[in-house]
Peer 1: 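This is the structure I want to talk about, given as C-alpha cells.
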Amino acid sequence: MQQTIARELKIEGVGLHSGVTSTLILKPAEVNTGIVFVRSDIENARPITATFDNVIDTKNCTCIGYDKSNMVSTIEHLMSALYIMQIDNVIVEVSALEMPIIDGSAQTFLQKLQEVGVTKQNTSKKYIKVLKKVEVSDDKGNTVSLEPADDLYINFVIEFPSKIVGRQEFDGPINQEIFKKEIAPCRTFCEKYQIDYLRSIGLIKGGSLENGVVLDGDTILNPGGFKVKNECVNHKVLDAIGDMYTAGLPVLGKLKAYKTGHYHNNLILKALFADTTNYQIIEKE
C-alpha cells in the first residue's frame, strides 16, 4: 500500500552552495500526491512535483522547478531517504532556494524519517517496471543504462586519478539494510583544487569539512577520514537512488553507471519514458 509520514517533521540547516539557512517542514499527504516541494518563502508558490521532467539543472546537484523564481535545489539526498523509507506521498515545504546539506549525506534525513515513522494508506502502491534495456552515453565515454530487474539494483563505477579514490565500484541490490549501513552515511566529496573554482562561480558558500569530504591529492583533509569503505562511489549511489525516485514511482530495474552523475541520471529517465514500450506501471504483489 502507499505510505506517507505519520506526522509533521522539521529539519533545519545550511545550503551547501548558497550558504543560506533553510528550514524544511515535511507534511503528510493524500494518496497519489507523490513527492511535492513548495517554496514557503514565496507567496502562493506553485507546488513542484519531484519528477524528472521538472528537473531544470543538474550542475553539482539535482534542481527542480519551473524557472529561477520558483525552484528547489539539492533534493537528491532527501529523495534517496524518502525512497528507502518507501514514502510515496509527502509535501516538503522549503524556506529557501536550497535544501539543507546537513553533513553532506542522507543519514540525518533517514534518522528523522525513522523517528516520525510512516502511515499506510488505503491505495495500492505502484511501480515502474523496466521492460527492456535503455542506454545513453556522452562524448567522454561516460555511460548509464537501465535494464529489467525485479527490484532496484545498482552497479556504479567511478575512476579518479587520486590514489585515495582510484577506481571504486558498488554492485548490489538497494534495500534498507544496505542503505543504512553502506550508503546513507556517505558524504558528498570534491578535490581541494575544485573548491576555489566552485567558489569563484558562486557555489559551495556553505561548504566545509563538516558537510563534505575534501581530497587533496592522496590525502583526505577531514580529520576522521572516510566513514565507510568506498565512501565516494557509495555517495554516487546515494545520489542515483534519489535521482531515480524522480521517475515519480519506485523503479524496478538495474541501473548500470560508469563515471556518471546527476545529468546522466536525468538523461536515462528521459530515455526510459521516451518510449512507452520501455516500461510498464504495475502493482507489485
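The analysis underlying the following values was restricted to heavy atoms, covering all of them including side chains, and did not include hydrogens, waters or symmetry mates. Note that the structure is predicted; figures quoted are calculated from it, not measured.
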Peer 1: Spell out, as yes or no, whether a donor-acceptor pair under 3.5 Å connects the side chain of D67 to the backbone of N70.
Peer 2: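 Pair found, side chain donor or acceptor close to backbone of N70.
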Peer 1: Would you say the side-chain atoms of E76 pair up with the backbone N or O of T62, donor to acceptor, closer than 3.5 Å?
Peer 2: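 Such a contact is found between E76 side chain and T62 backbone.
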Peer 1: Could you grab the distance from atom CD1 of I220 to atom CZ of F226, nearest 0.5 Å is fine?
Peer 2: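 Going from the CD1 atom of I220 to the CZ atom of F226 covers 4.0 Å.
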Peer 1: Would you call the rings of H235 and H77 parallel, tilted or perpendicular, taking 30° and 60° as the class edges?
Peer 2: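 Geometry flag for H77 against H235: perpendicular rings.
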Peer 1: If you take all heavy atoms of A247 and I128, which pair is closest and at what distance?
Peer 2: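 What the structure gives for the nearest pair is O-CD1, 3.6 Å.
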Peer 1: Tell me whether N32 at atom CG has more than 12 heavy atoms from other residues, nucleotides or ligands lying less than 6.0 Å away.
Peer 2: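 Atom CG in N32 is crowded, with more than 12 foreign heavy atoms closer than 6.0 Å.
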Peer 1: With a 4.5 Å heavy-atom cut-off, do L78 and M99 have their side chains touching?
Peer 2: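 Yes, close enough: below the 4.5 Å cut-off.
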Peer 1: Any carboxylate oxygen within less than 4.0 angstrom of a Lys/Arg side-chain nitrogen, looking at D88 and K125?
Peer 2: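 Yes, this pair counts.
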Peer 1: N222 side chain to G224 main-chain N or O, any donor-acceptor pair under 3.5 Å?
Peer 2: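 Checked: no pair found.
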Peer 1: Find out if a path of hydrophobic residues (ILVMFWY) with successive side-chain heavy-atom gaps under 4.5 Å connects I87 to L9.
Peer 2: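 The answer is yes; both residues are in one hydrophobic cluster.
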Peer 1: Taking salt bridge (charged side-chain N to carboxylate O under 4.0 Å, His left out) as the definition, give me every residue that meets it alongside D57, ordered by chain and number, with sequence neighbours left out.
Peer 2: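 In terms of salt bridge (charged side-chain N to carboxylate O under 4.0 Å, His left out), with neighbours along the sequence ignored, D57 is linked to K59.
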Peer 1: Which atoms form the tightest heavy-atom contact between S95 and T21, and what is the distance?
Peer 2: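 So the two residues come closest at OG-O, 4.4 Å.
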Peer 1: Hey, mind stepping through F179 and L238 against side chain to side chain contact (heavy atoms under 4.5 Å, CB included) and telling me if it holds?
Peer 2: CA-CA 8 Å; F179 187 89; L238 167 61; 4.0 Å; yes
Peer 1: Can R167 be said to sit on top of F160's aromatic six-ring, NZ or CZ under 6.0 Å from centre and within 45° of the ring axis?
Peer 2: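 Pair R167/F160 does not count as cation-pi.
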Peer 1: Output all residues satisfying ring-ring contact (aromatic ring centres under 6.0 Å, His included) with F156, sequence neighbours left out; order by chain, then residue number.
Peer 2: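 Partners of F156 by the ring-ring contact (aromatic ring centres under 6.0 Å, His included) criterion come out as none, since no residue qualifies.
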Peer 1: Under a 4.5 Å cut-off applied to non-hydrogen side-chain atoms, are L152 and P250 in contact?
Peer 2: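 Side-chain contact under 4.5 Å: no.
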Peer 1: Is the closest side-chain heavy-atom distance between T246 and L269 below 4.5 Å?
Peer 2: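 Yes, at least one pair of side-chain atoms sits under 4.5 Å.
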Peer 1: Between S80 (side chain only) and I241 (backbone N and O only), is there a donor and an acceptor less than 3.5 Å apart?
Peer 2: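 It does not hold such a pair.
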Peer 1: Do any N or O atoms from the side chain of N278 and from the backbone of L272 form a donor-acceptor pair under 3.5 angstrom?
Peer 2: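 A pair under 3.5 Å: yes.
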Peer 1: For K112, is the NZ atom crowded, meaning more than 12 foreign heavy atoms sit under 6.0 Å from it?
Peer 2: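 Check fails, neighbour count at 12 or below.
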Peer 1: Can you hop from I42 to I75 via hydrophobic side chains spaced under 4.5 Å?
Peer 2: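 In one cluster with I42: I75, no.
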Peer 1: Would you say I183 and I178 make side-chain contact, with heavy atoms under 4.5 Å?
Peer 2: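 Yes; the side chains approach each other to less than 4.5 Å.
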Peer 1: Does K256 NZ have over 12 foreign heavy atoms under 6.0 Å away?
Peer 2: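 Counting neighbours around NZ of K256, 12 or fewer heavy atoms of other residues, nucleotides or ligands fall under 6.0 Å, so no.
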Peer 1: Does the D138 side chain pair with the main chain of G141, one donor and one acceptor, at a distance under 3.5 Å?
Peer 2: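 Judged by distance alone, yes, a pair lies under 3.5 Å.
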Peer 1: Identify, with sequence neighbours excluded, every residue that meets ring-ring contact (aromatic ring centres under 6.0 Å, His included) alongside Y153.
Peer 2: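 Applying ring-ring contact (aromatic ring centres under 6.0 Å, His included) to Y153 gives none.
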Peer 1: Are more than 12 heavy atoms, taken from residues, nucleotides or ligands other than K126, located less than 6.0 Å from that residue's NZ atom?
Peer 2: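 Atom NZ in K126 is packed in, count exceeds 12.
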Peer 1: Are side-chain heavy atoms of I158 and Y258 found at a separation under 4.5 Å?
Peer 2: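 Not in contact.
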Peer 1: Got a sec, which residues hit side chain to side chain contact (heavy atoms under 4.5 Å, CB included) with A271, two or more places apart in sequence or on another chain?
Peer 2: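 A271 satisfies side chain to side chain contact (heavy atoms under 4.5 Å, CB included) with V134, V136 only.
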Peer 1: Say you draw a straight line from CG of D239 to OG1 of T188; how long is it, rounded to the nearest 0.5 Å?
Peer 2: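 Nearest 0.5 Å value for the CG-OG1 distance: 6.5 Å.
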Peer 1: Has T49 got a side-chain atom pairing as donor or acceptor with T51's backbone, closer than 3.5 angstrom?
Peer 2: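 Not a single qualifying donor-acceptor pair exists.
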Peer 1: For I154 and K254: C-alpha separation, side-chain torsions, deciding distance, then whether side chain to side chain contact (heavy atoms under 4.5 Å, CB included) applies.
Peer 2: CA-CA 6 Å; I154 295 181; K254 179 179 180 179; over 6 Å; no
Peer 1: Under a 3.5 Å distance rule, please check whether S22 uses its side chain to pair with a backbone N or O of E98 as donor and acceptor.
Peer 2: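 Between the backbone of E98 and the side chain of S22 there is a qualifying donor-acceptor contact (under 3.5 Å).
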Peer 1: Measuring from atom CG of D41 to atom CD of E43, what distance do you get when rounded to the nearest 0.5 angstrom?
Peer 2: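 Going from the CG atom of D41 to the CD atom of E43 covers 11.5 Å.
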Peer 1: With a 3.5 Å cut-off and no angle check, do the side chains of Q2 and T123 form a donor-acceptor pair?
Peer 2: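 Their side chains do not contain a donor-acceptor pair, so the 3.5 Å distance test is not met.
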Peer 1: Just wondering, are more than 12 heavy atoms of other shown residues or ligands nearer than 6.0 Å to CD in Q114?
Peer 2: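 It does: Q114 CD has more than 12 such atoms within range.
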Peer 1: Considering residues at least two apart in sequence or located in another chain, which fulfil the ring-ring contact (aromatic ring centres under 6.0 Å, His included) criterion with Y245?
Peer 2: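 Testing Y245 for ring-ring contact (aromatic ring centres under 6.0 Å, His included), a comparison that skips the adjacent residues, returns Y83.
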Peer 1: If hydrophobic clusters are built from ILVMFWY residues whose side chains come within less than 4.5 Å, do V228 and F109 share one?
Peer 2: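 No, separate clusters.
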Peer 1: Under a 4.5 Å cut-off applied to non-hydrogen side-chain atoms, are E231 and V213 in contact?
Peer 2: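 Yes - at least one pair of side-chain heavy atoms lies under 4.5 Å apart.
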Peer 1: Considering all heavy atoms of both residues, which atom of D218 and which atom of K163 are nearest to each other, and what is their separation?
Peer 2: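 Minimum heavy-atom separation between D218 and K163: OD1-N, 3.0 Å.
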Peer 1: Closest approach of I164 and G217, non-hydrogen atoms and distance?
Peer 2: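 Closest pair (atom of I164, atom of G217, distance): CG2-O, 3.9 Å.
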Peer 1: Would you say I25 and L110 are hydrophobically clustered, going by side-chain heavy atoms of ILVMFWY under 4.5 Å?
Peer 2: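 As far as the 4.5 Å side-chain criterion goes, L110 and I25 are not connected within one cluster.
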Peer 1: State which residues pass side chain to side chain contact (heavy atoms under 4.5 Å, CB included) with L97; sequence neighbours excluded, sorted by chain then number.
Peer 2: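 By the side chain to side chain contact (heavy atoms under 4.5 Å, CB included) rule, L97 matches R39, M71, S73.
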Peer 1: Heavy-atom distance under 4.5 Å between the side chains of T260 and T143, does that happen here?
Peer 2: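 No, side chains not in contact.
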Peer 1: Not counting sequence neighbours, which residues clear side chain to side chain donor-acceptor pair (under 3.5 Å) with Q3? List them please.
Peer 2: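 Q3 satisfies side chain to side chain donor-acceptor pair (under 3.5 Å) with K120 once adjacent residues are dropped.
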Peer 1: Please report the C-alpha distance between K10 and T23 in whole Å, then the side-chain angles of each, then the deciding distance to 0.1 Å, and finally whether the side-chain hydrogen bond (donor to acceptor under 3.5 Å, both in side chains) criterion is met.
Peer 2: CA-CA 7 Å; K10 182 178 180 180; T23 300; 5.7 Å; no
Peer 1: Within the structure provided, determine whether V165 and L215 are in side-chain contact (heavy-atom separation under 4.5 Å).
Peer 2: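 In short, these two side chains touch, coming nearer than 4.5 Å.
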Peer 1: With ILVMFWY side chains joined below 4.5 Å, transitively, what does M1's cluster contain besides itself?
Peer 2: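 Direct or chained contacts put M1 with none.
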Peer 1: So that I can tick it off, tell me whether E93 and K27 are bridged by a salt bridge, with the cut-off set at under 4.0 angstrom between side-chain N and carboxylate O.
Peer 2: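 Looking at E93 together with K27, the answer is yes, because their closest N to O distance falls below 4.0 Å.
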Peer 1: Check the pair M79, M244 against side chain to side chain contact (heavy atoms under 4.5 Å, CB included), reporting the backbone distance first and the verdict last.
Peer 2: CA-CA 9 Å; M79 290 292 290; M244 285 301 102; over 6 Å; no
Peer 1: Using modelled atom types and a 3.5 Å cut-off, is there a donor and acceptor pairing between side-chain atoms of N89 and backbone atoms of G34?
Peer 2: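 At least one qualifying donor-acceptor pair exists.
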Peer 1: Quick one: name the residues clustered hydrophobically with I282, using the 4.5 Å side-chain heavy-atom rule over I, L, V, M, F, W, Y, and just say none if it's on its own.
Peer 2: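 I282 clusters with Y127, L252.
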Peer 1: If you link ILVMFWY side chains whenever their heavy atoms are less than 4.5 Å apart, which other residues fall into the same cluster as L131? By chain and number, please.
Peer 2: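 Via sub-4.5 Å side-chain contacts, L131 links to none.
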Peer 1: Is it possible for you to say whether V31 and V118 belong to one hydrophobic cluster, with membership spreading through side-chain heavy-atom contacts below 4.5 Å?
Peer 2: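 Per the 4.5 Å side-chain linkage, V31 and V118 are not co-clustered.
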Peer 1: Look at the side chain of Q168 and the backbone N and O of V233, then say whether any donor-acceptor pair between them is shorter than 3.5 Å.
Peer 2: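 Looks like yes, one N/O pair under 3.5 Å.
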Peer 1: What closest approach, in Å, do A96 and V20 show between heavy atoms, and which atom pair accounts for it?
Peer 2: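 Distance-wise, the nearest heavy atoms are CB-CG1, 4.1 Å.
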Peer 1: Residues two or more places apart in sequence or in another chain: which of them pass side chain to side chain donor-acceptor pair (under 3.5 Å) with E182?
Peer 2: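 Applying side chain to side chain donor-acceptor pair (under 3.5 Å) to E182 gives none.
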Peer 1: Do you know the tightest heavy-atom contact between K180 and A184?
Peer 2: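 Heavy atoms of K180 and A184 come nearest at O-CB, 4.2 Å.
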Peer 1: In the hydrophobic clustering that connects Ile, Leu, Val, Met, Phe, Trp and Tyr at side-chain heavy-atom distances below 4.5 Å, which members other than V36 occupy its cluster, ordered by chain and number?
Peer 2: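 The other cluster members (ILVMFWY side chains, heavy atoms under 4.5 Å, direct or chained) are V38, I91.
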